[in-house]
Protein chains: 2
Amino acid sequence: MEPSIDPGASLKRTAHGVAPSLHVRLSDADAIPFPTRTVERGDALYCAGEPLRSLYTVQSGCFKTVSTYPGSDDDSTLHTQVTGFHFANETLGLDGVCTGRHESDAVALEPSVVRIMPVGILEPLCREYAAMQHTLLAIMSAEIVRASRLALMLGTMPARERVAAFLLDLSERLDASAATSGEHAVELSLPMTRADIGSYLGLELETVSRMLSKLQREGAIGLNGRQVRIVDRTMLAHH
Amino acid sequence: MEPSIDPGASLKRTAHGVAPSLHVRLSDADAIPFPTRTVERGDALYCAGEPLRSLYTVQSGCFKTVSTYPGSDDDSTLHTQVTGFHFANETLGLDGVCTGRHESDAVALEPSVVRIMPVGILEPLCREYAAMQHTLLAIMSAEIVRASRLALMLGTMPARERVAAFLLDLSERLDASAATSGEHAVELSLPMTRADIGSYLGLELETVSRMLSKLQREGAIGLNGRQVRIVDRTMLAHH
DNA sequence: CGGTCTGTTGATCTGAATCAAAAAGTGTGG
DNA sequence: CCACACTTTTTGATTCAGATCAACAGACCG
(Lines give C-alpha, C1' and ligand atoms only; values in the text may rest on other atoms or scores of the structure.)
Protein backbone atom coordinates (compact mmCIF):
# COMPACT_ATOMS: atom_id res chain seq x y z
CA MET A 1 0.00 0.00 0.00
CA GLU A 2 1.25 3.40 -0.91
CA PRO A 3 1.69 5.66 2.10
CA SER A 4 -0.65 8.59 1.89
CA ILE A 5 1.38 11.72 1.51
CA ASP A 6 0.24 15.06 2.86
CA PRO A 7 1.92 17.61 0.62
CA GLY A 8 1.90 21.37 0.35
CA ALA A 9 -1.78 21.61 1.07
CA SER A 10 -1.23 21.81 4.78
CA LEU A 11 1.84 23.99 4.52
CA LYS A 12 0.67 26.96 6.43
CA ARG A 13 2.02 30.30 5.31
CA THR A 14 2.21 33.27 7.59
CA ALA A 15 2.70 36.23 5.36
CA HIS A 16 3.68 38.66 8.08
CA GLY A 17 4.88 36.39 10.86
CA VAL A 18 8.50 36.40 11.92
CA ALA A 19 8.79 32.75 11.03
CA PRO A 20 6.56 30.77 8.74
CA SER A 21 5.32 27.89 10.79
CA LEU A 22 5.54 24.39 9.50
CA HIS A 23 2.42 22.37 10.08
CA VAL A 24 3.50 19.74 7.65
CA ARG A 25 3.52 16.05 8.14
CA LEU A 26 6.22 14.43 6.10
CA SER A 27 4.06 11.37 5.87
CA ASP A 28 0.94 9.97 7.36
CA ALA A 29 1.90 8.44 10.66
CA ASP A 30 -0.71 5.71 10.24
CA ALA A 31 0.70 4.59 6.92
CA ILE A 32 4.33 4.51 8.00
CA PRO A 33 4.46 3.99 11.75
CA PHE A 34 7.72 5.72 12.57
CA PRO A 35 8.87 5.13 16.13
CA THR A 36 8.55 7.87 18.72
CA ARG A 37 10.73 9.02 21.56
CA THR A 38 9.97 10.82 24.79
CA VAL A 39 12.31 13.55 26.04
CA GLU A 40 12.17 14.95 29.56
CA ARG A 41 12.25 18.63 30.31
CA GLY A 42 15.83 19.91 30.10
CA ASP A 43 17.13 16.86 28.26
CA ALA A 44 18.73 17.06 24.84
CA LEU A 45 17.15 15.31 21.87
CA TYR A 46 20.52 15.63 20.16
CA CYS A 47 23.70 17.63 20.56
CA ALA A 48 25.93 19.55 18.15
CA GLY A 49 28.59 17.34 16.65
CA GLU A 50 26.66 14.10 16.94
CA PRO A 51 26.27 12.21 13.66
CA LEU A 52 22.89 12.86 12.06
CA ARG A 53 20.84 9.71 12.39
CA SER A 54 17.29 11.00 12.06
CA LEU A 55 15.07 13.96 11.59
CA TYR A 56 12.41 14.56 14.20
CA THR A 57 8.89 15.89 14.08
CA VAL A 58 7.55 17.29 17.33
CA GLN A 59 4.35 15.51 18.29
CA SER A 60 3.82 17.21 21.62
CA GLY A 61 5.82 19.53 23.81
CA CYS A 62 8.40 22.12 22.82
CA PHE A 63 12.11 22.38 22.07
CA LYS A 64 14.72 25.08 21.79
CA THR A 65 17.70 24.76 19.46
CA VAL A 66 20.96 26.25 20.69
CA SER A 67 23.85 27.12 18.38
CA THR A 68 27.41 27.82 19.39
CA TYR A 69 29.90 29.86 17.46
CA PRO A 70 33.53 29.03 18.14
CA GLY A 71 34.92 32.54 18.44
CA SER A 72 38.50 31.52 19.04
CA ASP A 73 39.68 27.97 18.66
CA ASP A 74 40.38 27.28 22.30
CA ASP A 75 39.61 30.09 24.68
CA SER A 76 36.44 31.48 26.17
CA THR A 77 35.34 33.79 23.35
CA LEU A 78 32.62 31.44 22.19
CA HIS A 79 29.15 32.74 21.49
CA THR A 80 25.95 30.87 22.21
CA GLN A 81 22.41 31.66 21.14
CA VAL A 82 18.98 30.12 21.02
CA THR A 83 18.30 30.04 17.27
CA GLY A 84 14.83 28.56 17.35
CA PHE A 85 11.82 27.31 19.27
CA HIS A 86 9.96 24.32 17.90
CA PHE A 87 6.38 23.32 18.67
CA ALA A 88 4.05 20.55 17.59
CA ASN A 89 4.27 19.51 13.91
CA GLU A 90 7.56 21.28 13.36
CA THR A 91 10.66 19.47 12.15
CA LEU A 92 14.01 19.27 13.94
CA GLY A 93 17.46 18.38 12.68
CA LEU A 94 17.42 19.85 9.18
CA ASP A 95 20.56 21.87 9.78
CA GLY A 96 22.57 18.66 10.07
CA VAL A 97 21.87 17.38 6.58
CA CYS A 98 24.72 19.31 4.98
CA THR A 99 27.56 18.05 7.16
CA GLY A 100 26.01 14.81 8.35
CA ARG A 101 26.37 16.08 11.89
CA HIS A 102 24.02 18.12 14.02
CA GLU A 103 24.95 21.78 14.05
CA SER A 104 23.05 22.66 17.20
CA ASP A 105 21.67 21.22 20.43
CA ALA A 106 17.96 20.52 20.70
CA VAL A 107 16.71 20.75 24.27
CA ALA A 108 13.18 19.99 25.47
CA LEU A 109 11.51 22.87 27.30
CA GLU A 110 8.84 20.56 28.67
CA PRO A 111 8.21 16.82 28.54
CA SER A 112 7.96 16.15 24.81
CA VAL A 113 7.37 13.41 22.26
CA VAL A 114 8.95 13.31 18.81
CA ARG A 115 8.45 11.07 15.81
CA ILE A 116 11.73 9.67 14.52
CA MET A 117 12.46 9.59 10.79
CA PRO A 118 15.78 7.90 10.00
CA VAL A 119 17.68 9.85 7.36
CA GLY A 120 18.56 6.65 5.53
CA ILE A 121 14.92 6.02 4.82
CA LEU A 122 14.08 9.59 3.98
CA GLU A 123 15.97 10.12 0.74
CA PRO A 124 14.87 6.90 -0.97
CA LEU A 125 11.28 7.63 0.07
CA CYS A 126 11.51 11.09 -1.46
CA ARG A 127 12.81 9.62 -4.68
CA GLU A 128 9.78 7.35 -4.77
CA TYR A 129 7.08 9.87 -3.94
CA ALA A 130 7.15 13.22 -5.68
CA ALA A 131 4.76 14.85 -3.21
CA MET A 132 6.92 13.84 -0.28
CA GLN A 133 10.04 15.15 -1.97
CA HIS A 134 8.28 18.40 -2.67
CA THR A 135 7.16 18.70 0.92
CA LEU A 136 10.63 18.04 2.29
CA LEU A 137 12.09 20.70 0.01
CA ALA A 138 9.35 23.09 1.08
CA ILE A 139 10.08 22.45 4.74
CA MET A 140 13.77 23.07 4.29
CA SER A 141 13.15 26.18 2.25
CA ALA A 142 10.78 27.47 4.93
CA GLU A 143 13.51 26.89 7.47
CA ILE A 144 15.86 29.04 5.40
CA VAL A 145 13.25 31.77 5.34
CA ARG A 146 12.68 31.41 9.08
CA ALA A 147 16.37 31.80 9.85
CA SER A 148 16.67 34.76 7.49
CA ARG A 149 13.70 36.43 9.14
CA LEU A 150 15.39 35.99 12.50
CA ALA A 151 18.55 37.59 11.14
CA LEU A 152 16.49 40.44 9.73
CA MET A 153 14.85 40.93 13.11
CA LEU A 154 18.16 40.91 14.96
CA GLY A 155 19.74 43.23 12.46
CA THR A 156 17.05 45.88 12.11
CA MET A 157 14.48 45.95 14.91
CA PRO A 158 14.65 47.70 18.30
CA ALA A 159 14.02 45.70 21.47
CA ARG A 160 10.36 46.50 21.88
CA GLU A 161 9.52 45.48 18.33
CA ARG A 162 11.46 42.26 18.65
CA VAL A 163 9.51 41.21 21.71
CA ALA A 164 6.22 42.19 20.09
CA ALA A 165 7.05 40.29 16.90
CA PHE A 166 8.08 37.31 18.97
CA LEU A 167 4.73 37.21 20.74
CA LEU A 168 2.80 37.59 17.50
CA ASP A 169 4.79 34.81 15.89
CA LEU A 170 4.16 32.52 18.84
CA SER A 171 0.46 33.21 18.84
CA GLU A 172 0.27 32.33 15.13
CA ARG A 173 2.19 29.12 15.53
CA LEU A 174 0.33 27.96 18.58
CA ASP A 175 -3.19 28.39 17.28
CA ALA A 176 -2.96 25.10 15.42
CA SER A 177 -2.16 23.17 18.55
CA ALA A 178 -4.64 25.19 20.55
CA ALA A 179 -7.24 24.16 17.94
CA THR A 180 -8.62 27.67 17.90
CA SER A 181 -10.30 27.68 14.55
CA GLY A 182 -10.30 30.81 12.44
CA GLU A 183 -8.24 33.22 14.45
CA HIS A 184 -4.91 33.13 16.26
CA ALA A 185 -4.23 32.13 19.83
CA VAL A 186 -4.95 34.84 22.38
CA GLU A 187 -3.81 33.11 25.53
CA LEU A 188 -0.18 31.97 25.44
CA SER A 189 1.70 30.10 28.07
CA LEU A 190 5.37 30.55 27.31
CA PRO A 191 7.36 27.38 27.89
CA MET A 192 10.72 29.18 27.92
CA THR A 193 12.48 31.49 30.37
CA ARG A 194 13.11 35.19 29.82
CA ALA A 195 16.76 34.29 29.33
CA ASP A 196 15.82 31.94 26.48
CA ILE A 197 13.71 34.62 24.85
CA GLY A 198 16.48 37.15 25.28
CA SER A 199 19.06 34.85 23.77
CA TYR A 200 16.77 34.20 20.81
CA LEU A 201 16.08 37.91 20.29
CA GLY A 202 19.63 39.09 20.88
CA LEU A 203 18.65 40.89 24.09
CA GLU A 204 19.45 40.56 27.78
CA LEU A 205 16.81 38.93 29.95
CA GLU A 206 16.28 42.18 31.86
CA THR A 207 15.42 43.94 28.61
CA VAL A 208 12.89 41.24 27.71
CA SER A 209 11.27 41.61 31.11
CA ARG A 210 11.19 45.39 30.78
CA MET A 211 9.64 45.30 27.31
CA LEU A 212 6.98 42.83 28.41
CA SER A 213 6.14 45.09 31.33
CA LYS A 214 6.01 48.08 29.03
CA LEU A 215 3.71 46.29 26.57
CA GLN A 216 1.44 45.47 29.49
CA ARG A 217 1.45 49.06 30.75
CA GLU A 218 0.51 50.20 27.25
CA GLY A 219 -2.40 47.77 27.20
CA ALA A 220 -1.16 45.62 24.35
CA ILE A 221 -0.89 42.46 26.41
CA GLY A 222 -1.92 40.97 29.71
CA LEU A 223 0.95 39.53 31.67
CA ASN A 224 1.12 37.09 34.52
CA GLY A 225 4.45 35.32 34.71
CA ARG A 226 4.61 33.00 31.74
CA GLN A 227 0.94 33.51 30.93
CA VAL A 228 0.50 36.12 28.21
CA ARG A 229 -2.80 37.34 26.83
CA ILE A 230 -2.80 39.20 23.53
CA VAL A 231 -5.11 42.14 24.18
CA ASP A 232 -4.47 44.45 21.25
CA ARG A 233 -2.95 42.76 18.21
CA THR A 234 -2.77 45.96 16.18
CA MET A 235 -0.84 47.71 18.92
CA LEU A 236 1.68 44.89 18.89
CA ALA A 237 2.01 44.79 15.12
CA HIS A 238 2.23 48.52 14.46
CA HIS A 239 4.89 50.71 15.98
CA MET B 1 24.03 9.50 -21.45
CA GLU B 2 23.68 9.92 -17.75
CA PRO B 3 24.68 13.38 -16.56
CA SER B 4 27.71 13.16 -14.33
CA ILE B 5 26.76 14.29 -10.89
CA ASP B 6 29.16 15.99 -8.58
CA PRO B 7 27.94 15.16 -5.11
CA GLY B 8 29.10 15.93 -1.61
CA ALA B 9 32.72 15.41 -2.49
CA SER B 10 33.16 19.02 -3.46
CA LEU B 11 30.97 20.35 -0.71
CA LYS B 12 33.45 22.49 1.06
CA ARG B 13 33.05 22.74 4.79
CA THR B 14 34.31 25.67 6.75
CA ALA B 15 34.31 24.56 10.33
CA HIS B 16 34.83 27.99 11.83
CA GLY B 17 33.68 30.33 9.10
CA VAL B 18 30.62 32.46 9.57
CA ALA B 19 28.95 30.83 6.64
CA PRO B 20 29.83 27.49 5.10
CA SER B 21 30.48 28.19 1.48
CA LEU B 22 28.86 26.15 -1.21
CA HIS B 23 31.19 25.14 -3.95
CA VAL B 24 28.79 22.59 -5.27
CA ARG B 25 27.69 22.09 -8.80
CA LEU B 26 24.21 20.72 -8.93
CA SER B 27 25.15 18.97 -12.13
CA ASP B 28 27.92 18.95 -14.63
CA ALA B 29 27.35 21.86 -16.96
CA ASP B 30 28.73 19.90 -19.88
CA ALA B 31 26.31 17.05 -19.42
CA ILE B 32 23.22 19.20 -19.02
CA PRO B 33 23.81 22.50 -20.78
CA PHE B 34 21.57 24.77 -18.75
CA PRO B 35 21.16 28.22 -20.25
CA THR B 36 22.95 31.19 -18.74
CA ARG B 37 21.99 34.78 -18.19
CA THR B 38 24.04 37.93 -17.83
CA VAL B 39 23.06 40.55 -15.25
CA GLU B 40 24.47 44.06 -15.21
CA ARG B 41 25.75 45.73 -12.09
CA GLY B 42 22.84 47.04 -10.02
CA ASP B 43 20.22 44.99 -11.88
CA ALA B 44 18.00 42.45 -10.15
CA LEU B 45 18.19 38.78 -11.07
CA TYR B 46 14.83 38.40 -9.42
CA CYS B 47 12.65 40.32 -6.98
CA ALA B 48 10.65 39.36 -3.92
CA GLY B 49 7.14 38.27 -4.78
CA GLU B 50 7.93 37.06 -8.27
CA PRO B 51 6.92 33.46 -8.96
CA LEU B 52 9.84 31.09 -8.59
CA ARG B 53 10.78 29.90 -12.06
CA SER B 54 14.37 28.77 -11.56
CA LEU B 55 17.27 28.41 -9.22
CA TYR B 56 20.51 30.07 -10.21
CA THR B 57 24.14 29.18 -9.77
CA VAL B 58 26.58 32.06 -9.93
CA GLN B 59 29.17 31.43 -12.61
CA SER B 60 31.00 34.72 -12.34
CA GLY B 61 30.41 37.97 -10.50
CA CYS B 62 28.64 38.58 -7.22
CA PHE B 63 25.14 39.17 -5.86
CA LYS B 64 23.55 40.47 -2.72
CA THR B 65 20.17 39.23 -1.53
CA VAL B 66 17.95 41.80 0.16
CA SER B 67 15.03 40.87 2.41
CA THR B 68 12.20 43.10 3.52
CA TYR B 69 10.13 42.68 6.62
CA PRO B 70 6.65 44.21 6.45
CA GLY B 71 6.57 45.85 9.86
CA SER B 72 3.10 47.26 9.53
CA ASP B 73 0.79 46.41 6.70
CA ASP B 74 0.78 49.78 5.05
CA ASP B 75 2.94 52.43 6.61
CA SER B 76 6.65 53.10 6.64
CA THR B 77 7.76 50.77 9.45
CA LEU B 78 9.23 48.26 7.06
CA HIS B 79 12.68 46.84 7.67
CA THR B 80 15.19 45.98 4.98
CA GLN B 81 18.43 44.11 5.25
CA VAL B 82 21.07 42.48 3.10
CA THR B 83 20.80 38.84 4.16
CA GLY B 84 23.54 37.39 2.01
CA PHE B 85 26.34 37.82 -0.49
CA HIS B 86 26.76 35.20 -3.17
CA PHE B 87 29.91 34.47 -5.15
CA ALA B 88 30.91 32.00 -7.84
CA ASN B 89 29.50 28.47 -7.48
CA GLU B 90 26.92 29.49 -4.92
CA THR B 91 23.21 28.92 -5.43
CA LEU B 92 20.49 31.59 -5.45
CA GLY B 93 16.74 31.33 -5.02
CA LEU B 94 16.41 28.51 -2.51
CA ASP B 95 14.33 30.60 -0.13
CA GLY B 96 11.53 30.69 -2.68
CA VAL B 97 10.94 26.94 -2.82
CA CYS B 98 8.57 26.92 0.15
CA THR B 99 6.09 29.50 -1.09
CA GLY B 100 6.73 29.24 -4.82
CA ARG B 101 7.65 32.89 -4.79
CA HIS B 102 10.96 34.61 -4.22
CA GLU B 103 11.28 35.90 -0.68
CA SER B 104 14.05 38.37 -1.43
CA ASP B 105 15.61 40.48 -4.15
CA ALA B 106 18.86 39.34 -5.75
CA VAL B 107 20.92 42.24 -7.06
CA ALA B 108 24.20 41.98 -8.98
CA LEU B 109 27.09 43.87 -7.38
CA GLU B 110 29.12 43.62 -10.57
CA PRO B 111 28.46 42.33 -14.08
CA SER B 112 27.61 38.69 -13.45
CA VAL B 113 26.66 35.47 -15.19
CA VAL B 114 24.36 32.81 -13.73
CA ARG B 115 23.40 29.35 -14.82
CA ILE B 116 19.63 28.87 -14.91
CA MET B 117 18.04 25.70 -13.55
CA PRO B 118 14.27 25.61 -14.04
CA VAL B 119 12.54 24.32 -10.90
CA GLY B 120 10.27 22.13 -12.97
CA ILE B 121 13.24 20.11 -14.16
CA LEU B 122 14.96 20.01 -10.79
CA GLU B 123 12.60 17.82 -8.76
CA PRO B 124 12.20 15.07 -11.37
CA LEU B 125 15.96 15.06 -11.90
CA CYS B 126 16.52 14.64 -8.17
CA ARG B 127 14.08 11.74 -8.11
CA GLU B 128 16.11 10.11 -10.85
CA TYR B 129 19.59 10.64 -9.49
CA ALA B 130 20.21 9.96 -5.80
CA ALA B 131 23.50 11.85 -5.70
CA MET B 132 21.88 14.94 -7.14
CA GLN B 133 19.05 14.77 -4.65
CA HIS B 134 21.54 14.40 -1.86
CA THR B 135 23.51 17.40 -3.07
CA LEU B 136 20.44 19.58 -3.34
CA LEU B 137 19.41 18.70 0.20
CA ALA B 138 22.95 19.38 1.38
CA ILE B 139 22.95 22.78 -0.30
CA MET B 140 19.65 23.73 1.29
CA SER B 141 20.76 22.50 4.67
CA ALA B 142 23.98 24.50 4.37
CA GLU B 143 21.86 27.54 3.58
CA ILE B 144 19.94 26.99 6.81
CA VAL B 145 23.20 26.82 8.72
CA ARG B 146 24.47 29.93 6.96
CA ALA B 147 21.39 31.93 7.90
CA SER B 148 21.53 30.66 11.48
CA ARG B 149 25.19 31.64 11.74
CA LEU B 150 24.27 35.12 10.56
CA ALA B 151 21.58 35.32 13.22
CA LEU B 152 24.06 34.14 15.83
CA MET B 153 26.50 36.81 14.73
CA LEU B 154 23.87 39.55 14.82
CA GLY B 155 22.60 38.40 18.18
CA THR B 156 25.83 37.92 20.07
CA MET B 157 28.85 39.69 18.60
CA PRO B 158 30.03 43.28 19.04
CA ALA B 159 30.73 45.42 15.98
CA ARG B 160 34.46 44.80 15.74
CA GLU B 161 34.06 41.04 15.85
CA ARG B 162 31.31 41.10 13.25
CA VAL B 163 33.49 42.97 10.79
CA ALA B 164 36.46 40.69 11.50
CA ALA B 165 34.33 37.56 11.07
CA PHE B 166 32.92 38.98 7.86
CA LEU B 167 36.39 39.48 6.40
CA LEU B 168 37.50 36.00 7.43
CA ASP B 169 34.42 34.47 5.91
CA LEU B 170 34.94 36.34 2.67
CA SER B 171 38.56 35.30 2.44
CA GLU B 172 37.58 31.66 2.87
CA ARG B 173 34.89 31.80 0.25
CA LEU B 174 36.92 33.69 -2.30
CA ASP B 175 39.97 31.47 -2.26
CA ALA B 176 38.27 29.01 -4.58
CA SER B 177 37.65 31.62 -7.24
CA ALA B 178 41.08 33.12 -6.62
CA ALA B 179 42.47 29.62 -7.24
CA THR B 180 44.87 30.06 -4.35
CA SER B 181 45.61 26.45 -3.58
CA GLY B 182 46.13 25.38 0.00
CA GLU B 183 45.48 28.52 1.97
CA HIS B 184 42.83 31.21 2.01
CA ALA B 185 42.76 34.42 0.05
CA VAL B 186 44.89 37.21 1.46
CA GLU B 187 44.02 39.99 -0.94
CA LEU B 188 40.30 40.76 -1.12
CA SER B 189 38.59 43.27 -3.30
CA LEU B 190 35.19 43.90 -1.79
CA PRO B 191 32.50 44.24 -4.42
CA MET B 192 30.00 45.80 -2.03
CA THR B 193 29.69 49.21 -0.37
CA ARG B 194 30.17 49.90 3.33
CA ALA B 195 26.43 50.41 3.52
CA ASP B 196 25.85 46.90 2.15
CA ILE B 197 28.27 45.43 4.67
CA GLY B 198 26.63 47.40 7.46
CA SER B 199 23.17 46.25 6.47
CA TYR B 200 24.37 42.65 6.39
CA LEU B 201 26.07 42.92 9.79
CA GLY B 202 23.33 44.93 11.46
CA LEU B 203 25.55 48.02 11.75
CA GLU B 204 25.59 51.53 10.35
CA LEU B 205 27.99 52.21 7.51
CA GLU B 206 29.97 54.61 9.69
CA THR B 207 30.55 51.86 12.22
CA VAL B 208 31.81 49.51 9.52
CA SER B 209 34.21 52.17 8.30
CA ARG B 210 35.42 52.85 11.83
CA MET B 211 35.99 49.18 12.61
CA LEU B 212 37.90 48.66 9.38
CA SER B 213 40.09 51.64 10.22
CA LYS B 214 40.63 50.30 13.71
CA LEU B 215 41.58 46.85 12.41
CA GLN B 216 44.08 48.54 10.14
CA ARG B 217 45.52 50.65 12.97
CA GLU B 218 45.94 47.47 15.00
CA GLY B 219 47.80 45.84 12.15
CA ALA B 220 45.31 43.07 11.47
CA ILE B 221 44.54 44.18 7.92
CA GLY B 222 45.80 46.45 5.22
CA LEU B 223 43.15 48.78 3.87
CA ASN B 224 42.90 50.78 0.68
CA GLY B 225 39.33 51.58 -0.22
CA ARG B 226 37.74 48.30 -1.27
CA GLN B 227 41.07 46.51 -1.37
CA VAL B 228 41.67 44.59 1.85
CA ARG B 229 44.77 42.59 2.69
CA ILE B 230 44.58 40.10 5.53
CA VAL B 231 47.80 40.71 7.45
CA ASP B 232 47.26 38.87 10.72
CA ARG B 233 44.61 36.15 10.57
CA THR B 234 45.00 35.21 14.23
CA MET B 235 44.43 38.79 15.32
CA LEU B 236 41.19 38.85 13.32
CA ALA B 237 39.99 35.50 14.62
CA HIS B 238 40.81 35.96 18.28
CA HIS B 239 39.36 38.78 20.35
C1' DC C 1 12.91 25.93 55.87
C1' DG C 2 17.35 27.34 53.47
C1' DG C 3 18.91 27.09 48.63
C1' DT C 4 18.54 27.57 43.79
C1' DC C 5 16.21 29.29 39.83
C1' DT C 6 13.29 32.78 37.90
C1' DG C 7 11.40 37.28 37.21
C1' DT C 8 10.94 42.33 38.16
C1' DT C 9 12.62 46.91 38.73
C1' DG C 10 16.10 50.63 39.52
C1' DA C 11 20.69 53.14 38.70
C1' DT C 12 24.55 53.63 35.94
C1' DC C 13 27.53 52.99 32.03
C1' DT C 14 28.86 52.24 27.25
C1' DG C 15 28.98 50.78 22.39
C1' DA C 16 27.00 51.98 18.50
C1' DA C 17 23.61 55.21 16.32
C1' DT C 18 22.98 59.64 14.84
C1' DC C 19 24.27 64.14 13.26
C1' DA C 20 27.66 66.69 10.73
C1' DA C 21 31.26 67.78 7.52
C1' DA C 22 34.81 67.11 4.55
C1' DA C 23 37.68 64.20 1.53
C1' DA C 24 38.17 60.78 -2.02
C1' DG C 25 36.31 58.23 -5.85
C1' DT C 26 33.43 57.51 -10.06
C1' DG C 27 31.11 58.65 -14.00
C1' DT C 28 29.22 62.08 -17.50
C1' DG C 29 29.18 65.18 -21.06
C1' DG C 30 31.26 69.23 -23.04
C1' DC D 1 41.17 66.38 -20.73
C1' DC D 2 38.76 68.75 -17.42
C1' DA D 3 34.71 70.44 -14.82
C1' DC D 4 30.71 68.99 -12.65
C1' DA D 5 27.52 66.22 -10.13
C1' DC D 6 27.00 62.40 -7.44
C1' DT D 7 28.14 58.52 -4.69
C1' DT D 8 31.09 56.53 -1.36
C1' DT D 9 34.17 56.75 2.50
C1' DT D 10 36.32 58.62 6.49
C1' DT D 11 36.50 61.02 10.79
C1' DG D 12 34.69 63.81 14.67
C1' DA D 13 31.06 65.23 18.26
C1' DT D 14 27.00 64.09 20.60
C1' DT D 15 23.18 61.20 22.01
C1' DC D 16 20.66 57.22 23.38
C1' DA D 17 18.96 52.35 23.61
C1' DG D 18 20.14 48.63 25.75
C1' DA D 19 23.86 46.30 28.60
C1' DT D 20 25.56 45.85 32.96
C1' DC D 21 25.46 46.00 37.92
C1' DA D 22 22.59 45.47 41.90
C1' DA D 23 18.84 44.44 44.93
C1' DC D 24 14.77 42.11 45.93
C1' DA D 25 10.54 39.07 45.54
C1' DG D 26 8.28 34.83 44.34
C1' DA D 27 8.30 30.02 42.95
C1' DC D 28 9.81 25.58 43.27
C1' DC D 29 12.14 21.76 45.59
C1' DG D 30 14.88 18.59 48.16
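These numbers come from a predicted model, not from an experiment. Convention: sequence-line order gives letters A, B, ...; per-chain numbering from 1.
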Check your understanding: Could A:R160 and A:E218 be called an ion pair, given the rule that one side-chain N must be under 4.0 Å from one carboxylate O?
Key -> yes
Check your understanding: Is the closest basic N to carboxylate O distance between B:R41 and B:E110 below 4.0 Å?
Key -> no
Check your understanding: Taking CG from A:L205 and P from D:dT20, how many angstroms apart are they, rounded to a whole number?
Key -> 10 Å
Review point. Is B:E206 paired with B:R194 through a side-chain N to carboxylate O contact shorter than 4.0 Å?
Key: no
Review point. How far does OG of B:S112 sit from OH of B:Y56, to the nearest 0.5 angstrom?
Key: 13.5 Å
Exercise for review: Using a 4.0 Å heavy-atom cut-off across all strands, classify B:S209 as base, sugar-phosphate, or nothing.
Suggested key: base
Review point. What is the distance, rounded to the nearest whole Å, between atom CG of B:D196 and atom P of D:dT7?
Key: 15 Å
Check your understanding: Do B:D95 and A:S141 meet the criterion of a side-chain donor-acceptor pair at a distance under 3.5 Å?
Key -> no
Review point. Does CZ belonging to B:R37 count more than 12 external heavy atoms closer than 6.0 Å?
Key: yes
Study note, to complete from the structure: Computed from five pairs at either end and rounded to 10 degrees, the angle between the axes of the helix from C:dC1-D:dG30 to C:dG30-D:dC1 is 50°
Review point. Residues in side chain to side chain contact (heavy atoms under 4.5 Å, CB included) with B:T207, at least two apart?
Key: B:A159, B:L203, B:E204, B:M211
**Study point:** N/O donor-acceptor pair under 3.5 Å between B:Q81 side chain and A:L152 backbone
**Key:** yes
Point to revise | B/S/- contact track for nucleotides 23-30 of chain D, protein heavy atom under 4.0 Å | key: --------
Check your understanding: 5' to 3' on DNA chain C, which nucleotides open and close the contacts with chain A (atom under 4.0 Å from a heavy atom)?
Key -> C:dT6 to C:dA11
Anything under 3.5 Å between a protein N or O and an N or O of nucleotides 17-19 of chain D, put it in a table, one pair a line.
from, atom 1, to, atom 2, distance (Å)
D:dG18, OP1, A:A159, N, 2.6
D:dA19, OP1, A:E204, N, 3.3
D:dA19, OP2, A:E204, N, 3.4
D:dA19, OP2, A:T207, OG1, 2.2

Throw together a table of side-chain donor-acceptor distances under 3.5 angstrom for residues 60-68 of chain B, partners on residues two or more places apart or in other chains.
from, atom 1, to, atom 2, distance (Å)
B:K64, NZ, B:D196, OD1, 2.9
B:T65, OG1, B:G84, N, 3.3
B:T65, OG1, B:G84, O, 3.4
B:T65, OG1, B:H86, NE2, 3.4
B:S67, OG, B:T83, OG1, 3.2
B:T68, OG1, B:T80, OG1, 3.4

Exercise for review: Report the distance from atom CD of B:E206 to atom C1' of D:dT8, rounded to the nearest whole Å.
Suggested key: 12 Å
